[in-house]
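This report concerns only the one structure given below.
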Number of protein chains: 2
Amino acid sequence: MEHKFFNMDKDKQDRVINACFKEFSFNGYDLASTNNMVKEAGISKGLLFHYFPTKKELYLFLYDYAQEIFLKDFYGLIDYHEKDLIKRLKQLVKNKLIILNKYPLLFTFLEKAYYETSNEIKSEINERRLQAETYAYQLFADIALDKFRDDLNKEKAVNIIIWTITGFSNQYLNQNMINSFSEINIDKVMAELEQYLKIFIKLFYRTEE
Amino acid sequence: MEHKFFNMDKDKQDRVINACFKEFSFNGYDLASTNNMVKEAGISKGLLFHYFPTKKELYLFLYDYAQEIFLKDFYGLIDYHEKDLIKRLKQLVKNKLIILNKYPLLFTFLEKAYYETSNEIKSEINERRLQAETYAYQLFADIALDKFRDDLNKEKAVNIIIWTITGFSNQYLNQNMINSFSEINIDKVMAELEQYLKIFIKLFYRTEE
DNA sequence: ACCTCATTGACCAGTGTGGTCAATATAATT
DNA sequence: AATTATATTGACCACACTGGTCAATGAGGT
């Protein structure tokens with residue numbers, strides 16, 4: 001049976017999820033305050049503990065929820081028929097932006113979970129991560145590396161491309177840290193990204209002829 | 001007169017500074033615990049408050065200390081006679097690594113301070129940052145942009161280079177988050193960085209002839 | 001009218017907080 | 001050696017906030 005939390009009004013659900021993502025992301029498990037969460041989400045303390053009997057179960061519910069989206073809507077939507085690295089990464093960024101518009105702190109939450117040190121949940125997180133590793137990290141499987149120029153170290157070229165995309169994306173993530181979470185104009189961002197990718201295609205790939 | 005804290009045994013000084021950097025970096029001002037700081041530094045609670053009468057003064061002392069190092073030993077050591085962007089950035093990375101070996105979390109502390117939201121210190125941080133802006137950000141002044149190929153958007157090329165260097169450096173920073181702070185082998189890291197920079201010189205710069 | 005379940009917020013014991021202070025160890029000065 | 005000054009300790013404090021409880025109320029369905 002599905003978790004009864006999902007019977008809640010959908011808007012309220014997302015308010016709760018985002019409030020909890022925020023509190024856990026910023027403060028980590030131990031220091032995250034359930035009082036802050038309910039205040040931010042606009043619900044009562046009793047209601048939160050009506051759905052999640054302990055802080056720990058709340059956290060693990062959120063982790064499962066985040067990881068499922070990560071695997072299904074982020075990694076899961078990659079088209080593995082596409083052998084071109086850059087096109088594949090472009091798809092990945094787009095997936096990410098779509099998720100960010102709904103859950104601005106989902107990725108931050110997962111990253112913080114990665115470094116989480118609290119003894120109360122460390123082992124549970126590790127279990128879940130191991131379970132997930134089977135799915136992910138196929139990102140670079142079956143990539144057409146022969147597109148790169150011969151005189152270029154392929155591993156380093158890939159790193160440069162990834163770091164560029166990361167740096168480019170972080171501009172929009174960091175914005176979220178300061179401002180309230182403003183909606184991202186996905187088409188506009190993708191168009192700007194495209195220009196960077198064009199540079200790589202031009203300079204890193206073989207000249208076709 | 002110098003702060004009496006500087007009369008303390010130098011090793012102990014650095015232990016205190018690094019312990020406080022860590023606690024403030026990980027938890028932010030409000031949630032940082034002075035109890036954890038003294039435990040990590042191996043001194044008594046009373047001694048900390050002997051040198052710094054309040055948590056606030058402790059924080060601002062650390063901020064001033066970090067910012068001074070940042071301006072003096074990071075930005076301040078740039079050779080402005082060097083007009084080549086890549087060489088200038090290389091110098092910057094080296095400065096950073098040297099600082100990181102002594103204060104592994106100095107940059108993390110300053111970055112966290114940038115996003116700090118606590119009302120107790122927000123305005124004080126802003127004052128100090130404004131004061132510092134005069135010095136910094138001359139990084140790109142008087143750079144020889146004509147070294148770039150004509151058919152390359154210079155602004156984007158610069159971003160790619162910076163993001164690459166950032167991504168490259170973060171490998172070593174994130175390592176510090178998990179492990180204890182292991183000494184960085186500066187020569188080795190610089191040699192690896194050099195290979196990335198060579199790629200940029202080859203592909204982004206004009207071919208000399 | 002009755003049942004079920006969502007929702008509230010005052011309340012609780014317990015933990016950790018920033019900060020104090022009287023006591024002691026150590027060093028400097030006379 | 002005696003005195004003064006300073007470095008250092010840790011038990012102690014009032015207080016804020018913690019995760020979690022629970023009796024009461026609201027709302028909708030039968």
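Just so it is clear: chains get the letters A, B, ... in the order the sequence lines come, proteins before strands, and each one is counted from 1.
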*Measure the distance from CG on A:Leu31 to C1' on C:dT17 and round it to the nearest whole Å.*
12 Å

*asked:* Expressed as a whole number of angstroms, how long is the span from A:Lys45:NZ to C:dA6:P?
replied: 20 Å

*Select from B:Ile43 and A:Leu47 the residue whose nearest nucleotide in DNA chain D is closer to the 5' end of that strand.*
B:Ile43

_Do A:Phe5 and A:Lys12 have side chains that approach each other closer than 4.5 Å (heavy atoms only, starting at C-beta)?_
no

_Expressed as a whole number of angstroms, how long is the span from A:Phe6:CZ to C:dA6:C1'?_
17 Å

*Can you check whether B:Ser33 has a side-chain N or O nearer than 4.0 Å to OP1 or OP2 of C:dT17?*
yes

*Polar pair under 3.5 Å, donor/acceptor by atom type, side chain B:Lys55, base C:dG19*: no

*Return the value, rounded to whole Å, for the distance between atom CZ of B:Phe49 and atom P of C:dT17.*
11 Å

*OP1 or OP2 of D:dC17 sitting under 4.0 Å from any side-chain N/O of A:Asn35?*
no

_How long is the straight-line distance from CG of B:Leu71 back to CG of B:Asp73, given to the nearest 0.5 Å?_
10.0 Å

_Touch class at under 4.0 angstrom, heavy-atom based, for B:Tyr51 against every strand present_ = sugar-phosphate

*Within the pair A:Lys12 and C:dT7, is there a side-chain N or O less than 4.0 Å away from OP1 or OP2?*
yes

*Measure the distance from CD1 on B:Ile121 to C1' on C:dG18 and round it to the nearest whole Å.*
15 Å

*Measure from NZ on A:Lys4 to P on C:dT4 and round the result to the nearest Å.*
15 Å

*Give a yes-or-no answer on whether the side chains of A:Tyr196 and B:Asn159 include a donor-acceptor pair shorter than 3.5 Å.*
yes

*Quick one: A:Lys39 NZ to C:dG9 C1', roughly how many Å, whole number?*
14 Å

*Check whether any side-chain nitrogen or oxygen of A:His50 sits under 4.0 Å from OP1 or OP2 of C:dA6, and answer yes or no.*
yes

_Short side-chain N/O contact to D:dG19 OP1/OP2 from A:Thr34, under 4.0 Å_ = yes

*Distance, rounded to the nearest Å, where A:Leu48 contributes CG and C:dT7 contributes P*: 12 Å

*asked:* Check whether B:Phe107 forms a cation-pi arrangement with B:Lys96 (NZ or CZ under 6.0 Å from the six-membered ring centre, at most 45° off the ring normal).
replied: yes

*Compute the centroid of each ring, for A:Tyr59 and then for A:Phe109, and state whether the two points are separated by less than 6.0 Å.*
yes

*Base, sugar-phosphate, or nothing for B:Lys56, non-hydrogen atoms under 4.0 angstrom?*
nothing

*Taking only the side-chain heavy atoms of A:Ser44 (C-beta and beyond), determine which of C:dT7, D:dG20, C:dT20 contains the nearest atom.*
C:dT7

